[in-house]
Amino acid sequence: NAGVTQTPKFQVLKTGQSMTLQCAQDMNHEYMSWYRQDPGMGLRLIHYSVGAGITDQGEVPNGYNVSRSTTEDFPLRLLSAAPSQTSVYFCASSYSASGRGNTGELFFGEGSRLTVL
Amino acid sequence: GENVEQHPSTLSVQEGDSAVIKCTYSDSASNYFPWYKQELGKRPQLIIDIRSNVGEKKDQRIAVTLNKTAKHFSLHITETQPEDSAVYFCAASIYYGGSQGNLIFGKGTKLSVKP
């Protein structure tokens, strides 16, 4: 198993540009989530999904969209990039029983470092 | 909103000493408390977790204690080694939106173990 795979690993954008961070997992996990990590701020939840077709907002959802058309994929879209979105983004997944959400260990991807100029 | 406070933000110990990191949480409904270790440039990885029906859990040199009444939990690392140097994050499950189980993280503790 590859686990959780994120692409790209690095990206530089100009203010106002849009882009999509890709996330895929091959562990048949129902729960998937996106976090951003900023120095001294820990990991903050952006959006999450408890199963295909179901998404919801986390702590810091503004400026981001997500969709979950399949169990495997959970892309994160930046609609109009701003310098405040410069961060390291982590996708994470976990086993979930019947759409109840995360019930245990989160498996993280390697992260995507985004710089917005 | 709900939050998790983590202390200290940095911790330096001599090899062989013990290290303790403490967290407090605000949501009384939280029932799952994991700890993650993140080495420089790497992804966070789970090292130990505890559920609200247990007061203490141990795994070799690592232990976690939970005080539900006081809403705090702690990570204890004994006989520290240089490879324990990393950033450690505590987390607590919260009911967010329609789902119980989303994790809210503390801001992290940078542990340095000096040989």
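All values below were derived from every heavy atom in this structure, side-chain atoms included, with hydrogens, water molecules and symmetry-related copies excluded. Reminder, nothing fancy here: chain letters follow the sequence lines and each chain counts from 1.
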Chemist: Rounded to the nearest 0.5 Å, what separation is found between the CG atom of B:N102 and the OG atom of B:S93?
Modeler: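 Answer rounded to 0.5 Å: 9.0 Å.
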Chemist: Could you look at B:P34 and say if it's the side chain, the backbone, both or neither that has a heavy atom under 4.5 Å from chain A?
Modeler: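 Neither the backbone nor the side chain of B:P34 comes within 4.5 Å of chain A.
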Chemist: Between A:F90 and chain B, which part of the residue has a heavy atom less than 4.5 Å away: side chain, backbone, both or neither?
Modeler: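 For A:F90, the side chain is the part near chain B, not the backbone.
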Chemist: Given that the side chain runs from C-beta out, which part of A:V88 has a heavy atom under 4.5 Å from chain B: side chain, backbone, both or neither?
Modeler: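 For A:V88, there is no contact with chain B at all, as no heavy atom is under 4.5 Å.
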Chemist: Given heavy-atom pairs under 4.5 angstrom as the criterion, report whether the side chain, backbone, both or neither of B:Q38 touches chain A.
Modeler: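 Interface part for B:Q38: side chain.
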Chemist: Under 4.5 Å between side-chain heavy atoms, counting indirect links through other Ile/Leu/Val/Met/Phe/Trp/Tyr residues: same cluster for B:V20 and B:I48 or not?
Modeler: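 Per the 4.5 Å side-chain linkage, B:V20 and B:I48 are not co-clustered.
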Chemist: Using 30° and 60° as the class boundaries, would you call the ring planes of A:F107 and A:H29 parallel, tilted or perpendicular?
Modeler: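 The rings of A:F107 and A:H29 sit tilted, inter-plane angle from 30° to 60°.
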Chemist: If we ignore hydrogens and angles and just use 3.5 Å, is the side chain of B:D59 paired with the main-chain N or O of B:I62 as donor and acceptor?
Modeler: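 Looks like no, no N/O pair under 3.5 Å.
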Chemist: Apply salt bridge (charged side-chain N to carboxylate O under 4.0 Å, His left out) to residues B:K37 and B:E39 and explain how you reach the verdict.
Modeler: CA-CA 7 Å; B:K37 176 183 180 181; B:E39 297 176 351; 3.6 Å; yes
Chemist: Suppose a student defines contact as a heavy atom less than 4.5 Å from any heavy atom of chain A. Which residues in residues 71-83 of chain B would they list?
Modeler: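 Residues qualifying by a heavy atom under 4.5 Å from chain A are absent, so none.
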Chemist: Could you tell me which portion of A:Y35 (side chain, backbone, both or neither) has an atom closer than 4.5 angstrom to a non-hydrogen atom of chain B?
Modeler: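 It is the side chain, since no backbone atom gets that close.
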Chemist: Is any side-chain heavy atom of B:F33 less than 4.5 Å from a side-chain heavy atom of B:K57?
Modeler: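 Side chain of B:F33 against side chain of B:K57, heavy atoms only: no contact under 4.5 Å found.
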Chemist: Just by distance, do the side chain of B:E5 and the backbone of B:K22 share a donor-acceptor pair under 3.5 Å?
Modeler: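 Flag not set: sc B:E5 to bb B:K22 has no pair under 3.5 Å.
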Chemist: Walk me through whether A:V66 and A:Y48 qualify under side chain to side chain contact (heavy atoms under 4.5 Å, CB included).
Modeler: CA-CA 8 Å; A:V66 291; A:Y48 68 95; over 6 Å; no
